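What follows is a set of notes on a single structure, which appears directly below.
Since the model is a prediction, treat every value here as computed from it, not as a measurement. Convention: sequence-line order gives letters A, B, ...; per-chain numbering from 1.
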2 protein chains.
Amino acid sequence: MWFRVNPRLPTPIYQQVVDGFKEAIVKGFVKQGDRIPSVRELATLMTLNHNTVAKAYQQLEREHVFEIIQGRGTFVAEFKPPSDSDRDRRLAKIVEMMQQIYIEGHYVQLSEDDLMSLFRETIRKWETGGKDV
Amino acid sequence: MWFRVNPRLPTPIYQQVVDGFKEAIVKGFVKQGDRIPSVRELATLMTLNHNTVAKAYQQLEREHVFEIIQGRGTFVAEFKPPSDSDRDRRLAKIVEMMQQIYIEGHYVQLSEDDLMSLFRETIRKWETGGKDV
DNA sequence: CCTATTGTACCATAATATGTGGTACACTAT
DNA sequence: ATAGTGTACCACATATTATGGTACAATAGG
């Protein structure tokens, strides 16, 4: 599979599945139109409950990352420019995370420039390296 | 008060209090050594339960943001360079958030440079503007 | 010494979120 | 017809969150 799940983390399992797929897509492990394992398949592969997997798939569909076709299966959605409300919600979320980063950075004495450098480096390392596959 | 709390958000109230104080400190509304309202005071002011406030204070103490003195009160901790483990934990958290930002940015078609600009702008606006006081 | 205030530790209770396991149904493709 | 899809239920257990109440040790100020 393209990612792992740790039930002991405070992050809910279904959320970890959501994040895992997003990451797999951004990293190119899964591409537009690709078929995703069925709910029961993935549940068996990762020893999860089908309801948990379904919850993740449904959230990914709400976020327009997946496209679910009744009776056929689940696929990676074709990329479409997000609606304005979608974009606004995502941007707000991004800004909020940036503020959190700034705050946490304050406590490890990272300046704005330090954070910028760390950001660039993080993206670079992360795009090539890959944590778990 | 220096921040507000919204019980309807999915974020736990005590976590909102934690974030609120961190924000207030970064923005300079509260300074090192300042005395923080007592658990019961803040609970009354914000119509929360004293246990909820205490939970927030205790977490802030664990993060070395507050210093709690038995029988005297709670104060903003003097800034000390974090221990290595502290620093590592916070840095890991920051990197994780940066990855999340990169992923979300992908879905609103923000390039790495776009995100950098947004980051700079967010900090600038946020430092001066201030959301709720 | 007395009293008020501090944080803290409990207890009970309720509500919510999460996760598992099972069953069933409509839809689709073969 | 049959198998595989997502989905909608149900029941159940567990953990987290939040509230309300009580009590206790430590501190500070009369």
Side-chain angles (χ1 to χ4, degrees), chain A residues 1 3-22 25 30 32-78 93, chain B residues 1 3-22 30 32-78:
Chain A
M1 202 41 49
F3 56 91
R4 296 184 196 286
V5 154
N6 183 357
R8 294 174 19 178
L9 292 181
T11 312
I13 296 179
Y14 77 92
Q15 186 63 52
Q16 294 185 43
V17 174
V18 167
D19 296 337
F21 273 114
K22 286 187 188 174
I25 293 172
V30 196
Q32 294 186 19
D34 279 3
R35 191 174 181 282
I36 299 299
S38 78
V39 165
R40 292 172 183 81
E41 262 185 288
L42 195 73
T44 303
L45 284 174
M46 306 186 64
T47 48
L48 301 177
N49 190 274
H50 60 267
N51 289 315
T52 304
V53 177
K55 191 172 181 178
Y57 282 17
Q58 284 161 14
Q59 178 167 333
L60 283 164
E61 193 197 26
R62 281 195 302 274
E63 299 186 25
H64 304 113
V65 178
F66 279 1
E67 183 178 7
I68 295 175
I69 307 181
Q70 267 289 0
R72 286 209 53 208
T74 305
F75 306 82
V76 180
E78 304 295 328
K93 187 177 170 186
Chain B
M1 201 42 50
F3 56 91
R4 295 183 197 286
V5 154
N6 183 357
R8 294 176 16 178
L9 292 181
T11 312
I13 296 177
Y14 79 92
Q15 185 64 51
Q16 294 185 44
V17 174
V18 168
D19 295 336
F21 273 114
K22 286 187 188 175
V30 197
Q32 295 185 19
D34 279 4
R35 191 174 180 284
I36 299 299
S38 78
V39 165
R40 293 173 183 79
E41 262 184 286
L42 194 73
T44 302
L45 283 174
M46 306 185 66
T47 47
L48 301 177
N49 189 274
H50 60 267
N51 290 314
T52 304
V53 178
K55 191 172 181 179
Y57 282 17
Q58 286 161 13
Q59 178 167 334
L60 283 164
E61 194 197 26
R62 281 194 302 273
E63 299 187 25
H64 304 114
V65 178
F66 280 1
E67 184 179 6
I68 296 175
I69 307 181
Q70 265 290 359
R72 288 208 53 208
T74 304
F75 306 82
V76 179
E78 303 296 328

query: Hey, can you pull the residues of residues 41-53 of chain A with a non-hydrogen atom under 4.0 angstrom from DNA chain C?
result: A:N49, A:H50, A:N51, A:T52
field: Donor-acceptor contact below 3.5 Å, side chain A:E67 vs main chain A:E78
entry: no
- request: Over all heavy atoms of both residues, which pair between A:A56 and A:V17 is shortest? Give the atoms and the distance, please.
  value: CB-CG1, 3.6 Å
message: Please identify the 5'-most and 3'-most nucleotides of DNA chain D with any atom under 4.0 angstrom from a heavy atom of chain B.
response: D:dT17 to D:dA28
- line: Correct closest heavy-atom pair for A:G73 and A:R35 would be CA-NH2, 4.4 Å
Any residue of residues 60-74 of chain A with a heavy atom less than 4.0 Å from an atom of DNA chain C: A:Q70, A:G71, A:R72
- request: Report the distance from atom CG of B:N49 to atom CZ of B:R40, rounding to the nearest 0.5 Å.
  value: 10.5 Å
message: Can you tell me which residue among B:V39, B:T44, B:L45 is in a side chain to side chain contact (heavy atoms under 4.5 Å, CB included) with B:V53?
response: B:V39
- request: Pull out every residue in residues 5-21 of chain A that has a heavy atom closer than 4.0 Å to any atom of DNA chain C, ordered by number, or say none.
  value: A:P12, A:I13, A:Y14
statement: Between the OG1 atom in A:T52 and the CD atom in A:Q16, the distance rounded to the nearest 0.5 Å is 11.5 Å
Inter-residue atom distance B:F21.CZ - B:T74.OG1, 0.5 Å rounding: 9.0 Å
query: Could you state the interatomic distance from CZ (A:F66) to CD1 (A:I36), rounded to the nearest 0.5 Å?
result: 4.0 Å
query: In Å, rounded to the nearest 0.5 Å, how long is the span from NZ of B:K55 to CD of B:Q58?
result: 9.5 Å
message: With a 4.0 Å cutoff (strictly under), does any side-chain N or O of A:K55 reach OP1 or OP2 of C:dT18?
response: yes
message: Would you compute the distance between atom CZ of A:F3 and atom CE of A:M46 and round it to the nearest 0.5 angstrom?
response: 4.5 Å
- request: Please list, by residue number, the residues of residues 32-39 of chain B whose heavy atoms come closer than 4.0 Å to an atom of DNA chain C; answer none if no residue qualifies.
  value: B:R35, B:S38, B:V39
- request: Quick one: list whatever passes ring-ring contact (aromatic ring centres under 6.0 Å, His included) with B:Y14, sequence neighbours left out.
  value: none
task: Could you tell me which non-hydrogen atom of B:Q32 sits nearest to which non-hydrogen atom of B:A77, and how far apart they are?
output: CG-O, 3.8 Å
message: Looking at B:Q15, is its backbone amide N or carbonyl O close enough to the side chain of B:Q59 to form a donor-acceptor pair, meaning the two atoms are under 3.5 Å apart?
response: no
